[in-house]
Amino acid sequence: MDVTLRRSSLAARACGLLAVGVAEGSARLSGAALALDLATKGALTRALAAGDFKGRASDVALVYPEGVKAKRVLLVGLGPAAKLDEKRIRLAAATASRRARELGAGSLALALHTAATLDDATAQAAAEGAVLGHHRYAAYKSDAKSALTRVELLVEQAAPRGVAAAVRAGAIRGEAVCLARDLASTPGQDLTPIQLAARAKDVAKRAGAKLTVFDVAAMERLGMGCVLAVGRGSVNPPRFIVLDRPADAAPRGKKPHTIVIIGKGVTFDTGGYSLKPRDGMGKMKYDMSGSAAVLGLFASLPALGKLPVRVVGLIPSAENMVSDAAYKPGDVIRAIDGTTIEVTNTDAEGRLLLADALGYAKRLSPETVIDLATLTGAMAIALGRHAAGLYSRDDLLASELQDAGEATGERLWRMPLWDEFRTEMRSEVADLVNSDEKSEGGSNKAAAFLEHFAADMHWAHLDIASTAWTYTERPDASRGPNAFGVRLLTRWLEQRVRG
Ligand code: BES
Ligand code: MN
Ligand code: ZN
């Protein structure tokens with residue numbers, strides 16, 4: 001989808017749908033709303049007077065006024081003007097592009113501002129929202145609805161310098177989320193670890209990153225016993241995928257810091273011999289949502305400009321299957337760092353993949369390591385679906401991540417890493433078990449297991465099993481995998497490197 005900034009009056013621009021944001025409860029109209037009202041001889045005033053549209057954040061009204069070249073006009077509520085922020089603008093733009101798609105409008109013009117005061121953040125949020133609202137996973141739909149081909153952000157006066165670039169950046173960031181959603185929505189049959197590596201190759205290329213893919217022989221040499229064990233039961237062999245984006249400019253005389261982002265890449269999780277129940281197993285195609293978030297971050301990097309840090313993405317990828325070759329409960333495996341693990345539950349496979357990835361990360365002497373994983377069903381038991389779990393001993397990193405999530409609408413809730421949980425993960429026959437027999441505190445114990453491998457690193461773990469699937473349609477996300485974490489990671493990295 002093509003998203004551009006265009007200078008034109010609201011009345012003069014021909015398009016399938018013209019969307020105008022209207023703030024709630026203002027006695028006098030202003031900005032784009034006022035311009036529209038004047039051009040249409042009061043279409044907006046009439047809608048407000050009828051009382052069916054009040055400008056609340058969820059309000060929309062479709063009108064067909066004279067006086068504009070647009071085929072139709074959508075009034076989109078922005079909520080109270082005093083509370084208008086990037087989030088609201090993103091959602092308003094998403095609401096408009098979603099409606100434009102449903103209407104088969106063909107082209108959309110967003111009139112968010114008439115003044116020359118349009119700032120970069122607003123323009124970026126609008127562009128991003130327009131891309132997100134429009135997205136649908138339609139790869140297997142025979143009757144895929146006609147997509148929007150063009151989205152324009154209309155400004156009446158010349159916009160300040162930088163705004164056009166902000167629009168492009170917003171579109172790139174939105175498209176990166178769509179890419180991650182498409183990956184997580186792809187059925188396991190069509191996204192095996194090898195296919196995931198092929199997709200990573202495209203992303204790496206566009207991000208200026210070097211891609212390395214370790215196959216089974218390479219992982220054997222490295223001693224990645226965990227990834228190998230999880231992947232052993234499938235005809236689709238496991239892969240360990242590394243994206244390495246060097247720093248553009250290091251601080252004078254210093255080696256640039258390395259930031260490592262790890263994403264769980266289970267392309268399908270049957271549970272293995274500790275088989276999952278049949279209900280809802282099909283959802284487990286999205287068990288690579290953590291890795292999709294990593295790829296989404298890399299796809300967003302071109303929007304961040306020059307980076308003073310090296311960014312490394314690590315994706316341990318496997319298909320967790322049942323077969324005569326599969327790993328079994330009771331097996332003892334050895335992680336890359338030498339730790340031995342008694343596999344008490346083959347369905348606790350994600351933490352095994354992450355163990356090898358964390359061990360590999362340590363060799364890169366990273367400044368910060370963040371992992372994302374659809375790790376435990378227990379996460380949604382603990383938090384419901386309105387936050388992902390954040391585990392970290394590093395208060396600064398934790399608050400940075402929480403702030404980034406607050407800004408992007410990807411909420412994180414801090415969870416405990418108490419020593420007692422680690423004690424519960426000790427094994428009688430090996431160093432650790434991958435799952436203890438009790439189900440209480442399931443996500444905490446998974447995090448405690450990971451902490452064994454992350455020790456001595458500045459590390460945060462995000463358990464996104466509670467949030468990575470959208471159950472009720474939102475303006476900016478349809479039902480299904482939603483690429484939770486992409487925008488959060490991008491925002492966090494942006495703040496980290498720009499301050
Ligand atoms: N991929 C699942 C976790 C999951 C469950 C994600 C539901 C999204 C929705 C993970 O591999 C898993 O199976 N975890 C087990 C852990 C248990 C065996 C300790 C779980 O949550 O039941
Ligand atoms: Mn599992
Ligand atoms: Zn899993």
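Order of listing sets the numbers, starting from 1, for every ligand and every atom in it. As the structure is a prediction and not an experimental result, all values here were calculated from the model.
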N, O or S from D347 under 2.8 Å to the Zn ion (ligand 3): no
Closest protein heavy atom to atom 8 (C) of ligand 1, given as residue, atom name and distance to 0.1 Å: Y286 OH, 3.1 Å
Part of K445 with heavy atoms under 4.0 Å of ligand 1, whether side chain, backbone, both or neither: neither
Residue-ligand contact W469/ligand 1, heavy atom below 4.0 Å: no
Which residue and heavy atom of the protein sit nearest atom 22 (O) of ligand 1, plus the separation: D347 OD2, 4.4 Å
Part of K264 with heavy atoms under 4.0 Å of ligand 1, whether side chain, backbone, both or neither: side chain
pair V167-Q124: side-chain heavy atoms closer than 4.5 Å: no
Which residue and heavy atom of the protein sit nearest atom 14 (N) of ligand 1, plus the separation: L375 O, 3.3 Å
Enumerated ligand 1 atoms positioned under 4.0 Å from heavy atoms of K276: 2 (C), 12 (C), 13 (O)
Interatomic distance, D269 atom CG to Y286 atom OH [nearest 0.5 angstrom]: 10.5 Å
E367: which of R496, K255, R310 passes salt bridge (Lys or Arg N to Asp or Glu O under 4.0 Å): R496
2.8 Å cut-off met by an N, O or S atom of V266 to the Zn ion (ligand 3): no
For the Zn ion (ligand 3): the N/O/S atom of D287 at shortest distance: OD2
Modelled atom types, side-chain donor and acceptor of S392 and D394, under 3.5 Å: no
Atoms of ligand 1, numbered as shown, that sit under 4.0 Å from any heavy atom of M284: 1 (N), 4 (C), 5 (C), 6 (C), 7 (C), 8 (C), 9 (C)
Among the N, O or S atoms of E349, the one nearest the Mn ion (ligand 2): OE1
D182-H135 side chain donor-acceptor pair, cut-off 3.5 Å: yes
Any side-chain heavy-atom pair of L179 and V177 under 4.5 Å: no
S435-ligand 1 polar pair, N/O distance under 3.5 Å: no
F268 and ligand 1 - part of the residue with a heavy-atom distance under 4.0 Å: neither
Distance filter under 4.0 Å to N345 heavy atoms, resulting ligand 1 atoms: 18 (C)
Atoms of ligand 1, numbered as shown, that sit under 4.0 Å from any heavy atom of E349: 11 (O)
G377-ligand 1 polar pair, N/O distance under 3.5 Å: yes
Closest approach to the Zn ion (ligand 3) by E349, given as the N, O or S atom name: OE2
Closest approach of any protein heavy atom to atom 2 (C) of ligand 1, naming residue and atom: D269 OD2, 3.6 Å
Aromatic ring pairing W469/Y471, orientation class (parallel under 30°, perpendicular over 60°, tilted between): tilted
Atom name in D269, limited to N/O/S, at shortest distance from the Mn ion (ligand 2): OD2
Whether H461 and W459 hold their rings parallel, tilted or perpendicular, with breakpoints at 30° and 60°: parallel
Side chain K285, main chain T267, donor-acceptor under 3.5 Å: no
Atoms of ligand 1, numbered as shown, that sit under 4.0 Å from any heavy atom of A465: 6 (C), 8 (C)
Name, closest N/O/S atom of D269 to the Zn ion (ligand 3): OD2
Among V230, N320, T346, side chain to side chain contact (heavy atoms under 4.5 Å, CB included) partner for L352: V230
Within reach of ligand 1, part of R351 (heavy-atom separation under 4.0 Å): side chain
Identified side chain to side chain contact (heavy atoms under 4.5 Å, CB included) counterpart of K445 within the set V433, N434, D436: D436
pair W492-L397: side-chain heavy atoms closer than 4.5 Å: yes
Within 6.0 Å of CZ in R278, more than 12 heavy atoms from elsewhere: no
Within-4.5 Å side-chain heavy-atom neighbours: T270 and M284: no
